[in-house]
Amino acid sequence: MAEEQLVTFLLGTEEFGVDIMKVQEIIRIPPITRVPKAPDFVEGVINLRGNIIPVVNLRVRFGMTLDEETDLSRIVVLQVNGKVFGVRVDGVTEVLRLDGESIEPPPPVALGMDSSFIRGVGKIGERLLILLNLDQLMGGDAVNEQTA
Amino acid sequence: MSQDDKKNMGIDLEDFLEFFLLDSQEQVERLGSGLLQLERDGENIALVNELFRSAHSLKGASGTMGFTPIVELTHAAEDLLDKLRQGKMLVTNEIIDVLLAVTDKVKMMLAQVEQRVEITEEYSELKDQMHVLAETGALSQTRTPVSKAAEVRRQTPTQADFTLTAAERGIVDEALISGKAILQVEVLFAPNTLMKAVRAVMVIQRLEPLGRVVKILPSIEELEADTAERFHLLFITVEPPEEIRADVLEVSEIMEVWIRHYSLSDSFKNHKDFSADSDFNSDFKANEQNENSTPGGEDKEDGSHPLQQAAAQTAADAKDNAANQVHTIRVDTVRMDNLINLVGEMVITRTRLVKIGNDLKAQNRSDALIDGLNETNVYLGRLMSDLQESVMRLRMVPVGTVFSRYPRLVRDFCRKTGKKIELVIKGEETELDKTVIEMIGDPLTHIIRNSVDHGIEAPEERIAAGKPEVGTITLDAYHEGNHIAITVSDDGAGLDIEKIYKKALEKGLIGDREEMSEKDITNLIFLPGFSTADKVTDMSGRGVGMDVVKKALNNLGGLIDIKTRRGEGTSFIIRLPLTLAIIQALLVEVGQEIYAVPLSSVIETLLVKTNEIKTVGGLPMVQLRGNTLPLISLKEKFDLHDENKIQNEVFVVVVGLGDKVIGLIVDELQGQQEIVIKTLGDYLNGLPGIAGATILGDGKVTLILDIGSLIQDILIK
């Protein structure tokens with residue numbers, strides 16, 4: 001892969017990137033309805049223009065501490081394998097292009113989070129960008145355990 | 001017919017494919033159920049005729065579309081049925097078996113056609129089987145020479161007696177003046193052609209681009225009677241006769257075509273006084289009656305026009321009569337779902353309007369405009385509910401479409417095992433939401449298999465038990481309040497309570513000191529991993545248990561119940577919601593969340609003092625008019641935050657499905673509202689206690705409680 005175009009966002013002090021083709025839109029945080037018995041990382045569901053989509057709290061998903069919602073908080077609506085869901089992030093930073101050569105495989109011990117979520121690490125000068133493996137975010141085992 | 005020919009016809013096959021599929025699938029269904037009936041009746045000439053016609057039209061339609069494998073199969077089946085029809089063979093089980101196999105095979109082929117892939121189903125073996133049966137089963141071999149002779153005799157042209165009306169006469173004269181050829185086209189049907197009128201119309205349609213059809217003899221109506229073996233056409237054209245002949249021969253089941261020039265003297269001879277005024281009038285009338293057709297005289301100017309209209313109409317009538325069709329339009333389900341979604345959005349928008357109206361009213365009591373707004377809202381509400389009902393009705397499908405597959409299932413099983421079972425089907429016309437219909441097929445199949453396999457005993461056993469040798473399974477559907485109930489009852493051995501109990505113990509599904517009522521024990525069969533079948537048979541015991549059935553039905557918002565009596569039989573009662581898309585709901589507030597309870601399950605609401613709630617065996621209960629009502633605290637069930645406020649009284653929503661009733665403890669009742677059911681999406685589907693979600697007037701998402709699963713949860717525990 002030669003070049004990737006990414007949407008980058010913040011969670012705490014870490015910066016993450018997702019493939020721009022998977023991003024459907026970015027919205028402010030609407031009222032979220034909690035869903036009982038859903039996996040804990042699913043914060044709830046929201047109304048996206050008449051469609052109901054689940055929202056993942058990435059801080060919970062990645063085992064980070066929870067933080068207050070700020071003005072910068074957003075939901076990034078993703079479309080992965082035809083299924084739509086949102087992820088809550090602390091703020092969206094920019095859209096950038098990344099050369100394939102500047103992407104390295106995920107380190108074995110990955111920043112205290114489950115390495116299956118990480119597709120690679122991108123380097124832009126001194127900045128480190130964690131590239132997310134979106135298939136694992138919702139489709140991971142946790143959901144199946146809950147619904148089985 | 002080759003692909004090129006089809007293009008030449010200027011017909012887009014794709015357009016016809018849908019119709020072909022629908023029609024053929026119907027014919028196959030008819031064949032299948034007819035064969036089952038034939039097996040019961042033994043000899044039934046009328047039925048055999050009907051089957052023959054079904055096979056025949058299947059063959060014809062497939063031929064037109066160029067699906068040779070189906071043609072060959074149905075042709076062989078037709079031969080076999082023809083022998084039955086003529087009494088040359090007797091109905092035997094082998095014949096029924098092989099013909100049923102043909103219907104299965106054709107069904108599979110049609111499925112391939114539907115998927116737009118080439119037909120690859122292997123069918124030569126079946127075809128051979130039918131040929132062998134047709135040969136060996138035939139009682140008489142002398143038929144062939146006789147019919148050959150007959151055909152030779154028929155294959156010569158005849159002279160038609162064209163009596164022209166004045167209008168037709170005028171057209172012919174005009175054609176002569178303009179130098180066009182007037183041809184007399186004689187068309188011979190293949191032996192045993194059915195629906196000759198339709199063939200004739202097809203011929204006319206073929207000829208239409210080449211010229212003008214002036215007259216047809218005998219008339220389409222007479223052809224309807226199916227006695228004619230040929231018909232004549234008077235045709236005006238500039239095309240060479242050879243081309244016309246080739247074109248007409250393209251129509252299937254047309255055996256031979258002769259074309260001669262029509263001489264004017266023919267018409268003079270038969271119509272001497274054509275110019276007389278009185279005769280003109282009477283002819284005109286006769287013509288009109290004869291063609292049973294178009295009002296108004298202006299069409300008479302154009303001689304071919306009324307004829308074709310009449311022909312087309314008669315053919316259409318014939319088709320209608322033959323298939324006894326209901327007038328329907330087929331609509332893509334996607335379009336229909338769109339419509340339903342739109343109506344759903346409108347319902348939501350209206351609730352918003354109502355809210356605005358009420359808020360305005362609260363602010364400004366005396367404004368007449370606001371009263372007007374609210375009145376209009378009420379009226380709009382009525383319109384909306386009518387509209388909604390009409391739209392929802394579009395989705396309703398008779399449950400018979402699902403039921404129709406079971407006679408075959410039971411029949412095949414009986415043939416395999418020697419059990420004797422009669423399947424009685426009732427209430428096929430009961431309508432259910434299309435989605436429900438699509439989803440109940442498999443669970444029902446499973447239940448029926450269960451009844452067939454485990455319920456009904458072998459004939460010897462039944463006789464020994466003093467029961468009729470033939471077991472009965474009854475499949476019934478009927479309305480029950482806001483639900484549809486479907487029951488599968490057998491008069492078999494009934495469930496063996498002890499065996500179930502032992503089995504459950506063995507598998508560790510229950511503790512050995514647990515005390516259980518008979519009802520509780522029967523419900524154990526719905527636990528995952530439970531199966532009492534001693535041996536695995538073809539029919540049931542494939543590792544799919546009743547738990548799957550229960551789960552599937554719960555997903556539909558349904559409930560399943562068993563009634564059984566040792567030695568007398570078992571009934572499975574399924575209760576399903578009428579519709580899935582828009583429902584009335586009671587909104588309740590629990591721990592600052594709002595949930596929607598389908599109103600169809602709500603029996604009443606109570607205000608209960610907290611000290612009246614007693615805990616029995618870990619479950620909260622309350623006494624209600626002498627009965628004990630088990631309660632569920634939604635707060636605990638859903639782990640909702642509680643600010644520990646001490647309440648002296650709580651609201652209890654009493655909900656029930658069938659005869660099962662429980663109470664839900666909630667904080668507040670928010671009122672009743674129409675809601676549109678939406679799914680929670682792929683990721684969150686199937687969460688316990690949640691049936692789906694809806695969007696309220698303020699745009700917020702609210703979850704809909706799954707009463708069926710809540711009840712089953714608490715009562716089975």
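Quick note on labels: first sequence line is chain A, next is B, and so on, each numbered from 1.
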Option in A:Ile32, A:Ile53, A:Ile52 with maximal non-hydrogen atom pairs under 4.5 Å from chain B: A:Ile52

A:Lys83 to B:Tyr683 six-membered ring, cation-pi geometry met (6.0 Å, 45°): yes

Chain B contact via A:Ile46 - side chain, backbone, both or neither, heavy atoms under 4.5 Å: backbone

Pair A:Phe16 + A:Phe117: ring centers closer than 6.0 Å: no

Top contributor to chain B contacts, counting heavy-atom pairs under 4.5 Å, from A:Asn47, A:Val45, A:Val35: A:Asn47

Between B:Phe638 and B:Tyr595, ring centroids under 6.0 Å: yes

Residues A:Glu4, A:Arg97: salt bridge by 4.0 Å N-O rule: no

